Every structure is written in structure tokens, then in C-alpha cells.
Amino acid sequence: MTVIDEVYQEDRPTQPAGHPRILSLANQKGGVGKTTTAINLGTALAAIGERVLVIDLDPQGNASTGLGIDRRNRGCSTYDVLIGEAPLREAVVATAVPRLHIAPSTMDLSGLELELGTTPGRAFRLRDAIAGLNNNTSPDADYTYVLIDCPPSLNLLTVNAMAASDAILVPLQCEFFALEGLSQLLQTVEQVRSTLNPNLSIHGIVLTMFDSRNNLSNQVVADVRQFMGSKVYNTMIPRNVRISEAPSYGKPVLVYDLKCVGSEAYLKLATEVIQRERELRAD
Ligand SMILES: Nc1ncnc2c1ncn2[C@@H]1O[C@H](COP(=O)(O)OP(=O)(O)OP(=O)(O)O)[C@@H](O)[C@H]1O
Ligand SMILES: [Mg+2]
């Protein structure tokens, strides 16, 4: 039995109607797999029955491109939403994956911090936009998961994501400097918790680009597991060329090559995320 069969045999829990679970992919370090995880965890969750919205909060717009949304088709974007000119629903577009939608971003987003200046409530723009997301639709159209793809910095955009989220999911690349910067990220989460969002938690840390043949990769895994304990997901995302090829076709790796080890890993991660959700609800 493959991991995909196992996934399909799971029962399909969804969040209570009207309340999506909001998770941010955050790490101020660049190129660690935030966007890849937003795209492919989103696809895997949708594949097992969840209704997922990816919010692209990075001016680079890589999540939008990776999900096949051409720059010309980004009439309304997360910039328009955060500046207060459009409700979130208006920015949402469907992807080729059933039950997976995206609110795309454009380069305009890079000017947002300057434009908002010291406007009161500027950190809650995204939270307020998401609050209206599920209200005007029938329950079967409501999202059960919102995944926010953050830019590689701890700027106003990332703060908006943290203020809007239930939890943070931190991709960590299996390389020498993996732990560098993690304490700064954890400190920021702590700060947001004590000021903007007391409910914010760390959902988990996902190790990415793991290469079992590489001693360094194995050492990094051991260090991170020792430092962060059970916060680290059991599932590791292997370094896999299919994962890196998929975005140039505007496809998630699960659509590009469902059978590759990268796809299997993201499906496993999705079941682990759902399992953690179950445990949280049972507490
Ligand atoms: N498991 C993997 N195997 C191989 N390549 C990967 C894997 N995960 C990510 N990559 C590649 O590594 C690069 C960085 O990944 P990604 O864009 O997801 O990181 P990021 O954290 O979102 O970057 P940024 O900080 O710039 O937003 C991309 O070219 C991506 O295709
Ligand atoms: Mg990215």
C-alpha cells in the first residue's frame, strides 16, 4: 500500500464550518522551502478533502506563479486587499487543483509598509480581511485551511501573517546554518503573542531538502530534533529534483509527478498536520 492509499483511507476531518485553521509558513531566512511547502502542503491537504486557500504574502509572487497564476491574471491581489481596496474574496482565484484556491500577490506589495506608514491597526489588515472570508458563502464552500506564504523577512507583511494566524509552520533547510536565525524567529513569535495575538502557537518545524547521503544533513537533523524536540514533524521533505522542476510548469509537485518521493513526503506531512490538529482539538 502506498502512502497515497493510506491517506485516502483516513477519515476526512474538517474544521468547524466558518472557522478555517490559519497557518503561516514563516522563516526570515530565504530559500528554505516556505513557498514550496505552501504550494505542496496546500495541494496535499486539498487532495485529502480539505478546502484550502493559499494567501501569497510575498511580493516575489512565487506561490502564485508556482500554482499557475500568470502575472497578467492578477487583476486583484493581496496588495489591494491589504491596502483596503478589495475584500479578500475578490482576490481569490481557483487553481487547477480541486478545492485549492489562491489569493495571488504582485510586486506592489513591496511598497505596502511605506504606504501604510504608522496607520493604526496596520498589523491587523490581514486578520480583518480573513475574518470576512467564510461569512457570505454556504458551509460547503467555506475554507477549512488558510496557508499564508510569508516573505523572507520579519517585516510588516510577516507581522500581519502572524497576527492573523492560529499557528506558525517553520520550514528549516537541512544545511549548516539551519538553526541560525531560528531563535530570532521564535523571539518574534513570542513578541507577537504578548502583543498582537495571544493565541499564536508554533505548529511545527518541517525539515526540508533533506539528503540522507549527506552526513551534514543527518547532523543538522539530529541537532534540530535535540533543540526543538517534538515540535519537529516526523516527516522530512527530501531534496528532490521533481520538487524544484514543478514550479516552472506552474504545477504543484503532486500534479507534476504524484509518484515521486517529494509528493509522497508532502502527503505524509499533510496527514501529520491533520493529526496534530486532532490532538490540539482533543486537548
Ligand atoms: N525539497 C526540495 N528539493 C529540491 N529543491 C527544493 C526543495 N524545496 C525547495 N526547493 C527549491 O529551493 C528553492 C527555494 O525554495 P522556496 O522558494 O520554496 O523557498 P522560500 O523559503 O519560499 O524562498 P524565499 O525566502 O525566497 O521566499 C526553489 O528553487 C525550490 O524549487
Ligand atoms: Mg518564498
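What's counted below: heavy atoms across the whole structure, side chains too, no hydrogens, waters or symmetry copies. Quick caveat: nothing in here was measured; it's all calculated off a predicted structure. Just so you know, residue 1 is the first one in the sequence shown, and it goes up from there. Ligands are counted one by one from 1 in listed order, and the atoms in each one are counted from 1 as well.
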Please report which non-hydrogen protein atom sits nearest to [atom], along with the residue it belongs to and the distance in Å to one decimal place.
atom                    : answer
atom 24 (P) of ligand 1 : Gly31 N, 3.5 Å
atom 12 (O) of ligand 1 : Met209 CE, 3.8 Å
atom 3 (N) of ligand 1  : Asn240 N, 2.9 Å
atom 17 (O) of ligand 1 : Thr35 CB, 4.0 Å
atom 20 (P) of ligand 1 : Lys34 N, 3.5 Å
atom 15 (O) of ligand 1 : Thr36 OG1, 3.7 Å
atom 19 (O) of ligand 1 : Gly33 N, 3.0 Å

Checking [Y] against [X]: is there a side-chain donor and acceptor pair closer than 3.5 Å?
X      : Y      : value
Glu115 : Tyr79  : yes
Gln28  : Ser153 : no
Asn215 : Gln219 : no
Asp56  : Ser64  : yes
Arg276 : Thr271 : no

Pull out every atom of ligand 1 sitting under 4.0 Å from any heavy atom of [X], numbered as shown with elements.
X      : answer
Asp58  : 27 (O)
Gly30  : 25 (O)
Ser244 : 5 (N), 31 (O)
Val32  : 19 (O), 20 (P), 21 (O)
Ile237 : 1 (N)
Pro238 : 1 (N), 2 (C), 3 (N)

Per-residue contact class, Asn27 against ligand 1 - non-hydrogen pairs under 4.0 Å: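 Contact part for Asn27 vs ligand 1: neither.
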
Do any heavy atoms of Gln60 fall under 4.0 Å from ligand 1? yes

Looking at ligand 1, does Asn62 have a heavy atom less than 4.0 Å from it? no

So, for Asp142 and Asn134, which heavy atoms are closest and what is the spacing to 0.1 Å?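 Closest approach of Asp142 to Asn134: OD1-O, 3.0 Å.
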
Smallest separation among heavy atoms of Leu185 and Ala26, with atom names: CD2-O, 3.7 Å

Is the closest basic N to carboxylate O distance between [X] and [Y] below 4.0 Å?
X      : Y      : result
Glu245 : Lys251 : no
Asp257 : Arg242 : yes
Glu50  : Arg99  : no

Which of these, Ile243, Thr43, Val206, sits in a side-chain contact (heavy atoms from CB on, under 4.5 Å) with Tyr266? Ile243

Short N/O/S contact of Gln60 with the Mg ion (ligand 2) (below 2.8 Å): no

For atom 26 (O) of ligand 1, state whether the nearest protein heavy atom is under 4.0 Å away. yes

